[in-house]
Amino acid sequence: MNRVHNFSAGPAILPLEVLQQAQADLVDYQGTGASIMEKSHRGADYTQVHEEATALLTTVLDLGDDFEVLFLQGGASTQFLMAPMNLLSKGQTADYINTGAWSTKAIKEAKAFGEVHEVYSGKEGNFTHIPTQEELALSEHARYVHFTSNNTIFGTQFATEPETYGIPLVCDASSDFLSKPIDITRYGIIYAGAQKNLGPAGVTIVIARKDVLEGISKTDIPTIMDYRTHVQNLFNTPPVFPVYMVKLVLEWIQSKGGISYFERFNLEKANLLYSAIDEDDFYSGTADLASRSLMNVTFRLPSEELEKKFIQEATAAHLDALKGHRSVGGVRASIYNACPMESVQALVAFMANFKAKHG
Ligand SMILES: *Cc1c(COP(=O)(O)O)cnc(C)c1O
C-alpha cells in the first residue's frame, strides 16, 4: 500500500475502509452477480442503498420528520441557481452573506430571480474574515438568508450559524458538511457537493425543510429544477455509484460515533496544525484568528520562493496537494473528516524540519 498523506481540497481523501469495501463490492455487489453501477436505479438493490443513505443521513444529523433528503446532480454550483429558482420571485428579497469566491458565485446566480441584498461583503479585506452578528445588515422581510458555512479557498468558517430571527437559512455546506453539529432548526435548505467531506464527485446532497418546500408558490420552475419533483420518487436516474459511496461514508461516520466524534477529532487536528503555524513568524495563517477554518488551513511562508520549495519538498515526502488555491497562493492543508491524525502529525513534523533548514 502506497497511499500519500492527502491534503486535497476536493475531490478529497476518502476513508480507506470505505474504499476497500467499495473494492470488495465493485465487480459483484453482495453476490448478485453485477456491480451496483450495472443495475436498475428502480430495482431492489439500488432502492435499498438509496433508502439506507437517506435514513443514515437523517439519523446522523438528527433531522426528524421535518426534512427531505435529496441526492441530486450538478454540484453545489447548480444549487447556486436552483435554490433561488425555487424560493425567490421578482419583487422579493434574499439576503446573501458574501464571504468568498463561492458566495460570490451564488450571489451572481440569485440575481436572475429576484432582489439580492448583500448583507455583508468580505471582499475589501480579501475574505479573511467571517462577520460577527453586528456586522450583518439583515433585511426585514428576506425570503431567506444564504451563507457559505466554510470557505474552502480562503480558509475561513462560521463557528456558529448567523442569527436570522426565524428567517430560514440557505447554506452552502460543501466543505464542512457533517464535520460538526449544526442547529438544524435554523435551516431551510442545506446543500453540499459530496466530494469534499462526504464521498466522490457526482452527487449533491440537498436537505430541505418540508414547510419551506410547501411554501414554494412558483409554477414556472422547469421540472428537473423544481425541488418538489425530487421529493416523492426518483424523477431521473440518480448517480448510483456516488450515492452508494456516500452510504458507506455515512456508515463509517456512524461507526466512529457520529458528528460529535468528528467535532472533537477535527478540532484536535486543526489545533495541532494552527499551533505549528503560530509558533513564531516563519509561518503565518491567512485568516483572522476568530474566523479560522477547521477544514481548510491556509498559511503563508516568508516568500513565494520558499512556498514553492515547501510544496515541492512536501510532495516529495508524500505530503500531497498542499498548494493553495490559484487565486490566493500560499499553502492550504485540507483536513476533512477522513484525514487521519497521522497525516497532520506528519505535516507538522515536516513543517518543523523545513523551518529548521530555511528559517
Ligand atoms: C467545491 C465547492 C463548491 C463547488 O462545488 P461543485 O461541486 O464543483 O459545483 C461550492 N461551494 C463550496 C463551499 C465548495 O467548497
Side-chain angles (χ1 to χ4, degrees), residues 6-14 70-85 94 96-110 120-123 126-131 144-159 161-162 169-180 182 187 189-207 224-225 238-239 241-243 245-246 249 266 270 286-287 291-298 321-328 332-339:
N6 188 346
F7 299 99
S8 173
I13 185 171
L14 288 162
L70 310 175
F71 297 101
L72 305 183
Q73 295 176 70
S77 300
T78 298
Q79 293 307 309
F80 293 163
L81 74 99
M82 194 163 171
M85 185 181 261
Y96 275 71
I97 304 173
N98 189 353
T99 53
W102 299 117
S103 312
T104 304
K105 289 186 175 178
I107 288 167
K108 175 170 185 282
E109 298 305 308
Y120 170 84
S121 174
K123 189 163 185 238
N126 203 23
F127 295 121
T128 53
H129 178 69
I130 294 292
Y144 60 84
V145 178
H146 181 282
F147 77 117
T148 312
S149 53
N150 182 77
N151 299 281
T152 327
I153 294 172
F154 294 97
T156 62
Q157 184 177 26
F158 280 82
E161 291 87 1
L169 287 168
V170 173
C171 177
D172 175 1
S174 292
S175 52
D176 68 353
F177 190 60
L178 305 189
S179 70
K180 60 177 180 143
I182 55 171
Y187 292 85
I189 306 272
I190 304 174
Y191 60 87
Q195 72 271 21
K196 290 2 186 304
N197 209 23
L198 198 63
V203 61
T204 313
I205 315 302
V206 175
I207 293 169
I224 198 165
M225 300 306 284
F241 194 71
V243 174
M245 289 293 288
V246 164
V249 173
N266 290 328
T286 59
S291 307
R292 281 177 162 179
S293 169
L294 305 184
M295 298 275 95
N296 310 99
V297 177
T298 51
L322 284 164
K323 199 168 186 310
H325 190 271
R326 61 189 184 282
S327 63
V328 290
R332 170 175 57 177
S334 298
I335 51 172
Y336 300 119
N337 284 358
C339 173

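Given the structure is predicted, the values throughout are model-derived calculations rather than measurements. Just so you know, ligand 1 is whichever comes first in the structure, and atom 1 is the first atom listed for that ligand.
- Taking all atoms of both residues into account, the shortest heavy-atom contact from Val203 to Pro239 is CB-CG, 3.7 Å.
- For atom 1 (C) of ligand 1, the nearest non-hydrogen atom of the protein is Lys196 NZ, 1.5 Å.
- For the ring-ring contact (aromatic ring centres under 6.0 Å, His included) criterion with Phe147, the lone passing option out of Phe158, Tyr120, Tyr96 is Phe158.
- Judged by distance alone, the side chains of Asn337 and Ser179 never bring a donor and an acceptor atom under 3.5 Å apart.
- Protein heavy atom closest to atom 11 (N) of ligand 1, with residue, atom name and distance, is Asp172 OD2, 2.6 Å.
- Aromatic ring orientation, His146 versus Tyr191: tilted (interplanar angle from 30° to 60°).
- Heavy atoms of other residues, nucleotides or ligands lying less than 6.0 angstrom from NZ of Lys323 number 12 at most.
- Residue contact annotation: Lys105 has no non-hydrogen atom under 4.0 Å from ligand 1.
- Of the protein's heavy atoms, Ser77 OG, 2.6 Å lies nearest to atom 9 (O) of ligand 1.
- Side chain of Lys180 to backbone of Asn266: no donor-acceptor contact under 3.5 angstrom is found.
- Between Thr298 and His325, every side-chain heavy-atom pair lies at or beyond the 4.5 Å cut-off.
- In this structure, Gly75 is part of the shell of residues with a heavy atom less than 4.0 angstrom from ligand 1.
- Atom 8 (O) of ligand 1 has as its closest protein heavy atom Gln195 NE2, 3.8 Å.
- Taking every non-hydrogen atom of Thr148 and a distance limit under 4.0 Å, the qualifying atoms of ligand 1 come out as 13 (C).
- Atoms of ligand 1 lying under 4.0 Å from any heavy atom of Phe80, numbered from 1 in the order shown and given with element: 10 (C).
- When non-hydrogen atoms are compared, ligand 1 lies under 4.0 Å from neither the backbone nor the side chain of Tyr191.
- Only the backbone of Asn150 comes within contact range of ligand 1, with a heavy atom under 4.0 Å; no side-chain atom does.
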